[in-house]
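Here's the structure we're looking at; comments come further down.
Keep in mind that the numbers below use all heavy atoms, side chains included, and drop hydrogens, waters and symmetry copies. Computed from a predicted model, the values in this text were never measured in an experiment.
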Amino acid sequence: MKMLNAWSLFMLLCLSCPQRLISFSVHRRYIAGIKNQQMDSISTVVYTTNKSLKHDHTRLYQSINNNDNKPETPKLVSVVTSDPPRSIAFTTVMAVCGAALGPFLDSYHSAFGVLKYEEPITAILWGNEAYPGLTTAWWVPELFGLAGFLIGWLYILLDALLESPSEAKSPSPPKILVVISMFTLQYWLSGVLYQAGVPRSDILTIMASVATVGYFAFDNTMAGLITSLATAIGGPVIEVGLLSTLHGHGGYQYSDAGETGFFPLWIVPVYFLGGPAVGNLARGFWNLFTSEEVNEDNLSKNPNTVVQCDVCNGTRCVGCPNCDSQGYYITYGQSVKCTSCRGRGFVICRACFSQYDEDPADIDAIREKMSRMPD
């Protein structure tokens, strides 16, 4: 009986062991499968995290080396330095024009007795002995050249800073000639009125009226107003210095010291109209030099022309590739404004950029254009 029980127990164990072994094997495989899935998930998370960190590091590196993180060139500095040859040519021409034309205008005042030079230099030219075509002093052309340089650059810089209307910044040659002729007429008329004995107050009224009409007819911009006022104030102040320091040393004197003790006040509006006259000439030369550069590259184009582009559809802007057009990106769990597009989500289209008459190296001009594009 004991042997039977032992044998039965042995057989029971033998029959149950394979099932247990199979169950144990299945269980081990199930556990291993779960562990493998967990490891796969962990690997996926690690890979994704590493990829994300790598992407974040790439963006961080790009943002550090991005042009937007570099100090921006001031707008006025960019106007001067964006094209050095143009700036040099413009400066030279304005100084030469001032030095060449200014003394002839000033000769009207010498001819009609408004002022007298202590050591005059005369040239009859188209005049006569009594009224020579040119009466000046050796230092006068230099001063008028400096005036042409200063007034010209003031107009160009203020036009850019204050964004003067495009039609005002692009005067036609006839307009330039007319405003210079009006300025010449004002100079001549002031001398004629003085010689005729017209009272100072009347001359002041006439000169102020001519200056006002000239400004509104040929300029009428804030840039022109500021420059003309600066000329009307700065010119007489310089004259006070010249009259005080050059007297007895090859200087000059006004025949009528006027209300100021140095010169009559009607000289102030004469200076004022010099702003629109010189300013429009400056705008003309600036555009001329700019147009010549564009023509050399065969890129002269109407600024309002829209180039058909399959990439941007003629809008000139495309989604920012750095932030996927979002204007920001997530890094280390924080939202960071995209420095490439300045948070707007789009940048200028490079596919059609070369078809416009713009300098690809002028980053400030590109930023300014993009800032004017609607969101």
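Using a 4.5 Å heavy-atom threshold, the side chains of Ile180 and Ile176 count as touching. The closest side-chain heavy-atom distance from Ser325 to Phe346 is not below 4.5 Å. Using a 4.5 Å heavy-atom cutoff, the side chains of Pro120 and Ser110 are not in contact. For the pair Leu225/Phe272, a side-chain contact is recorded, criterion being any heavy-atom separation below 4.5 Å from C-beta on. Proximity of Val210 to Leu273: side-chain heavy atoms (C-beta onward) are separated by under 4.5 Å at one or more points.
Asn313 places no side-chain N or O within donor-acceptor distance of the main-chain N or O of Thr315, the cut-off being under 3.5 Å. For the pair Glu118 (side chain) and His247 (backbone), a donor-acceptor distance under 3.5 Å is absent. The backbone N or O of Gly224 lies less than 3.5 Å from no partner atom in the side chain of Thr227, so there is not a single donor-acceptor pair. The main-chain N or O of Leu185 is never found under 3.5 Å from a side-chain atom of Tyr108 such that the two would form a donor-acceptor pair. Judged purely by atom type and a 3.5 angstrom limit, Asn280 uses its side chain to pair as donor or acceptor with the backbone of Pro276.
Within a 6.0 Å sphere centred on CD of Glu167, other residues, nucleotides and ligands contribute more than 12 heavy atoms.
The structure places CZ of Arg344 at 9.0 Å from SG of Cys341, a figure rounded to the nearest 0.5 Å. Atoms OG1 and OH, from Thr136 and Tyr117 in turn, are 5.0 Å apart once rounded to the nearest 0.5 Å. In this structure, Ile206 CD1 and Leu189 CG are separated by 6.5 Å, a value rounded to the nearest 0.5 Å. To the nearest 0.5 angstrom, Tyr131 atom OH is 14.0 Å from Ser107 atom OG. Distance check: Ser78 OG to Asp83 CG gives 10.5 Å after rounding to the nearest 0.5 Å. With rounding to the nearest 0.5 angstrom, the OG1 atom of Thr221 is 8.5 Å from the CG atom of Leu162.
Taking every heavy atom of both residues into account, Lys116 and Ser255 meet most closely at CE-OG, 4.2 Å. Between Arg342 and Lys337, the shortest heavy-atom distance links the atoms O-CE, 3.1 Å.
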Could you walk me through whether Phe104 and Leu125 pass side-chain contact (heavy atoms from CB on, under 4.5 Å), step by step? CA-CA 11 Å; Phe104 285 100; Leu125 300 177; 3.6 Å; yes
For Ile267 and Met207, run side-chain contact (heavy atoms from CB on, under 4.5 Å): C-alpha distance rounded to whole Å, both residues' side-chain angles, the deciding distance at 0.1 Å, then the answer. CA-CA 8 Å; Ile267 201 69; Met207 293 300 103; over 6 Å; no
Might you work through the side-chain contact (heavy atoms from CB on, under 4.5 Å) test for Asp106 and Leu115, ending with a clear yes or no? CA-CA 9 Å; Asp106 188 58; Leu115 56 80; 3.9 Å; yes
Kindly determine whether Tyr328 and Cys323 satisfy side-chain contact (heavy atoms from CB on, under 4.5 Å), including the steps that lead there. CA-CA 6 Å; Tyr328 66 93; Cys323 64; 5.9 Å; no
When the side chains of residues 138-161 are checked against the rest of the protein, which donor-acceptor pairs come out under 3.5 Å, sequence neighbours left out?
| from | atom 1 | to | atom 2 | distance (Å) |
| --- | --- | --- | --- | --- |
| Trp139 | NE1 | Gly250 | O | 2.9 |
| Trp153 | NE1 | Thr91 | OG1 | 2.8 |
| Tyr155 | OH | Asp219 | OD2 | 2.4 |
| Tyr155 | OH | Gly275 | O | 3.3 |
| Asp159 | OD1 | Ser164 | OG | 2.6 |
| Asp159 | OD1 | Arg283 | NH2 | 3.0 |
| Asp159 | OD2 | Arg283 | NE | 2.8 |
| Asp159 | OD2 | Arg283 | NH2 | 3.4 |

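The hydrophobic cluster containing Val318, built from Ile/Leu/Val/Met/Phe/Trp/Tyr side-chain heavy atoms closer than 4.5 Å, also comprises Val311, Val347.
Relative ring orientation between Tyr187 and Phe183 is described as perpendicular, the plane-to-plane angle rising above 60° on a 0-90° scale split at 30° and 60°. Using cut-offs of 30° and 60° for the angle between ring planes, the Trp188 and Phe112 rings count as perpendicular.
Side-chain polar atoms of Tyr271 and Glu239 form a donor-acceptor pair below 3.5 angstrom.
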